[in-house]
Chemist: 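Have a look at this one before I ask anything.
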Amino acid sequence: MKPIKFKGVYKDYIWGGNKMRSKYSVKTDMDVVAESWVLSCHKDGMSVISDGEYAGMALDKFIEENPSSLGADCKWNELPILIKFIDAADNLSVQVHPDNEQAKAWENQNGKTEMWYVIEADKNAKITYGVKENITSEKLGEAIKNNTVENLLNAVPSKKGDVFFVEAGTIHAIGAGNLIAEIQQNSNVTYRLYDYDRRGKDGKPRELHIEKGVKCSKTEVISSRKIPTCSDGTRMIGSCEYFQVKELKLSGREHKLYCSEKSYQALIFPDFGGTIFFGNEEMSVSAGEAVFIPAGLGEYSVKAQGTLLIASNPPRYFIGIDLGGTNIAAAVVDEYGVIYGRSKRKTNAPRPYNEVLDDMALCAREAAEESGISFDDIENVGIGCPGAIDKETQTIEFSNNLGFYNVPAVEYMEKALGKKVYIENDANAAAWGEFLAGSGKKCDSMIMVTLGTGVGSGIIIDGKLFGGAYGKGAELGHMSFIKNGEKCTCGKRGCFEAYASATALVRMTKKAMKENPDSDMWRVCRGKLSNANGRTAFEAKDTVAKGVVKEYLDNLTDGIISIVNIFQPNIVCIGGGVSNAGKRILAPIAKGIEKYSFARFGAKQTVAELASLGNDAGIIGAALLWKNETN
């Protein structure tokens with residue numbers, strides 16, 4: 001299926017204006033255009049497909065014939081959202097929407113939760129959003145009868161780019177001078193509480209719905225929602241069980257997007273038009289239109305200038321915790337590996353394990369608060385922890401960095417958070433994150449080698465993390481590399497880690513500097529041996545530094561070739577601080593694989609890639625550990 005556009009459905013309510021014509025070139029005989037319903041499956045304004053294979057078909061009929069277009073994660077048999085543009089030349093009535101239970105009982109319809117994105121706002125434009133202070137339903141009803149209800153309401157200035165999330169039960173009104181994109185539940189139930197004594201087109205006072213409206217009104221102050229900037233470059237401006245909406249700023253260049261089989265997408269163009277590219281085809285879109293992207297379209301791209309809003313089924317949300325010797329880092333992560341909100345605390349180890357775990361629980365809740373997503377909507381929590389993890393007992397058997405011995409981390413955290421908790425070694429968690437959301441996301445098998453203080457590693461075979469029979473395997477940094485060689489931190493001599501870690505590179509650098517007092521590496525270190533680090537030899541210009549780099553890369557390449565020939569993964573992914581050298585580190589590895597891999601005579605062989613997620617790999621992998629358990 002292809003992207004789909006629709007004919008406009010227009011409403012000429014008395015408060016409407018002419019911005020739909022001037023900004024969006026809407027053509028209609030109506031005197032004013034208050035609303036333009038651009039994507040609707042509601043009987044009061046059904047969208048009709050404008051062109052293509054399904055031209056002339058109503059949207060509800062299209063979905064009936066193509067239910068998979070909504071996506072595997074859609075819980076509804078109909079499109080759960082309705083998208084409209086609203087031009088308020090005058091104030092809209094003070095109103096409220098019922099929740100699902102109330103709307104079903106009173107109107108046999110869905111309830112209505114909605115959100116507004118302010119496209120334009122005149123100088124003195126305002127939005128009424130809830131009440132100024134907590135009141136009672138009785139006080140609200142009395143104020144409506146006395147025409148003093150505006151004194152109780154929270155009227156705030158509005159400006160371009162503002163977002164208001166209006167849950168069912170929130171008293172609200174769009175003030176004059178606002179042009180708004182509204183994304184809402186598929187419903188058309190509204191209860192007017194106050195309408196400034198206006199009269200309708202028939203000359204009679206417009207109907208109010210005070211009894212029902214007061215019953216469903218929230219009379220407590222509404223807390224504002226945080227709007228996080230996500231790791232995919234978007235702002236998540238609204239989320240509930242019916243929809244998620246993201247804001248993406250486009251610069252006029254082609255921007256790649258992806259629509260999985262799990263959810264449809266609705267692209268909303270509030271500022272300017274643009275072009276959608278899919279397969280070998282393209283579609284022109286005008287400002288003020290919305291385009292339905294059927295689930296499973298896959299990769300496509302959009303070229304436009306300004307704001308693009310993307311509505312979809314809400315994803316599933318999880319929390320990942322990366323427990324380190326220095327910091328505890330937590331983040332809310334969706335099922336696709338996108339980060340929404342973060343929190344960080346000092347580990348302050350060593351100290352009693354319950355204190356560390358309590359701080360981890362606080363960090364998780366703080367991350368949810370920063371994300372704007374309710375903690376109740378978090379499905380489960382994953383932890384990446386240094387050291388040996390007993391997968392059978394779900395305990396941290398030993399962690400030297402933390403001073404932990406036989407810590408019942410999962411049991412403790414499940415009690416603290418009220419969520420299912422998963423745990424994994426931090427290197428494995430980072431590899432899992434890179435596999436699912438980074439450089440390995442298009443392959444079945446991947447080895448990750450992390451070059452830091454030591455050599456961390458993670459092994460994914462046929463889409464599953466491999467940890468050996470007891471969950472403590474995948475320690476590739478401790479395979480024997482040179483017999484009776486350099487001493488390793490594990491107590492053995494000649495481990496791969498002793499030759500390929502950042503620590504090994506610094507040791508080699510310092511040794512060469514001591515032996516060569518005229519080396520350019522002294523300049524890079526500003527004359528101090530203690531300033532030598534993993535970048536020193538790469539940044540220096542002389543032959544001594546180049547020799548250090550060559551020796552280090554030869555060691556690294558030899559070890560990785562051995563790993564490749566044992567496992568033959570699709571990808572060997574290189575991460576850690578040393579990987580910042582980029583192509584200088586990747587090129588010899590790729591050349592070595594091409595020359596010495598046992599698959600070199602076949603059509604396919606292992607590809608060397610740099611890790612792409614950086615420090616986020618561990619958090620993302622931890623959040624998505626449930627996928628390894630359910631695979």
Side-chain angles (χ1 to χ4, degrees), residues 384-389 391 398-401 424-435 438-440 443-483 485-505 534 552-579 585-586 588-590 592-593 596-599 605-611 613 617-618 621 628:
C385 174
I389 308 299
K391 299 304 289 292
F398 167 70
S399 179
N400 184 53
N401 291 354
E424 184 56 82
N425 170 268
D426 58 348
N428 285 346
W432 188 239
E434 200 69 50
F435 173 73
S439 296
C443 70
D444 297 317
S445 298
M446 185 192 87
I447 306 294
M448 184 166 176
V449 178
T450 305
L451 309 173
T453 304
V455 172
S457 56
I459 301 170
I460 293 97
I461 299 174
D462 295 332
K464 290 279 290 182
L465 262 173
F466 176 79
Y470 309 109
K472 304 178 189 70
E475 293 289 349
L476 300 178
H478 297 287
M479 65 180 182
S480 293
F481 187 64
I482 293 179
K483 187 176 181 180
E486 296 286 345
K487 189 168 184 179
C488 181
T489 55
C490 73
K492 192 159 66 78
R493 287 189 174 275
C495 290
F496 181 46
E497 179 174 295
Y499 292 87
S501 63
T503 304
L505 176 56
Y552 172 78
L553 292 179
D554 284 349
N555 290 336
L556 177 62
T557 300
D558 282 351
I560 287 178
I561 290 168
S562 296
I563 292 168
V564 167
N565 280 330
I566 293 169
F567 294 101
Q568 290 296 336
N570 302 111
I571 288 174
V572 59
C573 183
I574 312 299
V578 179
S579 69
I585 201 169
L586 203 61
I589 294 172
I593 292 172
Y596 296 111
S597 167
F598 268 61
Q605 64 177 9
T606 300
V607 176
E609 297 275 5
L610 293 174
L613 298 180
N628 187 54

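Just so you know, these numbers come straight off a predicted model, no measurement behind them.
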Chemist: With the side chain counted from C-beta on, respond yes when Phe435 and Met448 share a heavy-atom pair under 4.5 Å apart, and no when they do not.
Modeler: no
Chemist: Should the heavy atoms of other residues, nucleotides or ligands under 6.0 Å from NZ of Lys492 be counted, would the total exceed 12?
Modeler: yes
Chemist: Indicate yes or no for a side-chain donor-acceptor contact from Asn428 to the backbone of Gly458 under 3.5 Å, with no hydrogens or angles considered.
Modeler: no
Chemist: Do any N or O atoms from the side chain of Thr606 and from the backbone of Val564 form a donor-acceptor pair under 3.5 angstrom?
Modeler: no
Chemist: Please find the pair of heavy atoms, one from Asn425 and one from Ala427, that lie closest to each other, and give the distance.
Modeler: OD1-N, 2.9 Å
Chemist: If we ignore hydrogens and angles and just use 3.5 Å, is the side chain of Glu434 paired with the main-chain N or O of Ser439 as donor and acceptor?
Modeler: yes
Chemist: Using a 3.5 Å distance criterion without hydrogens, assess whether the side chain of Glu497 forms a donor-acceptor pair with backbone atoms of Val455.
Modeler: yes
Chemist: State which residues pass ring pair (Phe, Tyr, Trp, His ring centres under 6.0 Å) with Tyr552; sequence neighbours excluded, sorted by chain then number.
Modeler: none
Chemist: Not counting sequence neighbours, list each pair that qualifies as a side-chain hydrogen bond (donor to acceptor under 3.5 Å, both in side chains) and has a residue in residues 558-572.
Modeler: Asn565-Gln568
Chemist: Could you tell me whether a side-chain N or O of Thr450 sits under 3.5 Å from a main-chain N or O of Gly575, the two making a donor and an acceptor?
Modeler: no
Chemist: Taking the side chain as every heavy atom from C-beta outward, state whether Val449 and Cys573 have any atom pair closer than 4.5 Å.
Modeler: no
Chemist: To the nearest 0.5 Å, how far apart are CD1 in Ile460 and SG in Cys443?
Modeler: 8.0 Å
Chemist: Kindly write out the residues that satisfy ring pair (Phe, Tyr, Trp, His ring centres under 6.0 Å) with Phe567, not counting sequence neighbours, or none if the list is empty.
Modeler: none
Chemist: Are side-chain heavy atoms of Leu476 and Phe496 found at a separation under 4.5 Å?
Modeler: no
Chemist: For Pro386, does its backbone N or O pair with a side-chain atom of Ser399 as donor and acceptor, under 3.5 Å?
Modeler: yes
Chemist: Compare every heavy atom of Phe481 with every heavy atom of Gly559, then report the nearest pair and how far apart it is.
Modeler: N-CE1, 3.8 Å
Chemist: May I ask you to test the Ile560-Ile574 pair for a side-chain heavy-atom distance under 4.5 Å?
Modeler: yes
Chemist: So which heavy atom on Pro569 is nearest to which on Ile447, and how close?
Modeler: CG-CG1, 3.6 Å
Chemist: Please evaluate residues Ser480 and Cys495 with respect to the criterion side-chain contact (heavy atoms from CB on, under 4.5 Å), reporting the C-alpha separation (whole Å), side-chain torsions for both, the decisive distance (0.1 Å), and the verdict.
Modeler: CA-CA 5 Å; Ser480 293; Cys495 290; 6.0 Å; no
Chemist: Taking atom NZ of Lys464 and atom OG of Ser445, what is their separation to the nearest 0.5 Å?
Modeler: 13.0 Å
Chemist: With a 3.5 Å distance limit and no angle check, can you tell me whether Arg493 reaches the backbone of Gly485 through a side-chain donor-acceptor pair?
Modeler: yes
Chemist: Could you check whether any side-chain N or O of Ser501 sits under 3.5 Å from a backbone N or O of Ala498, counting only pairs where one atom can act as donor and the other as acceptor?
Modeler: no
Chemist: Would you say Met446 and Glu609 make side-chain contact, with heavy atoms under 4.5 Å?
Modeler: no
Chemist: With the side chain counted from C-beta on, respond yes when Thr453 and Thr489 share a heavy-atom pair under 4.5 Å apart, and no when they do not.
Modeler: no
Chemist: Side chain of Lys483, backbone of Gly494: donor and acceptor closer than 3.5 Å?
Modeler: no
Chemist: To the nearest 0.5 Å, how far apart are CG in Leu586 and CG in Leu610?
Modeler: 4.5 Å
Chemist: To the closest 0.5 Å, what do you measure between CD1 (Ile589) and CG (Leu553)?
Modeler: 7.0 Å
Chemist: Could you tell me whether a side-chain N or O of Asp426 sits under 3.5 Å from a main-chain N or O of Gly618, the two making a donor and an acceptor?
Modeler: no
Chemist: CD1 of Ile561 to OG of Ser597: how many Å apart, nearest 0.5 Å?
Modeler: 8.5 Å
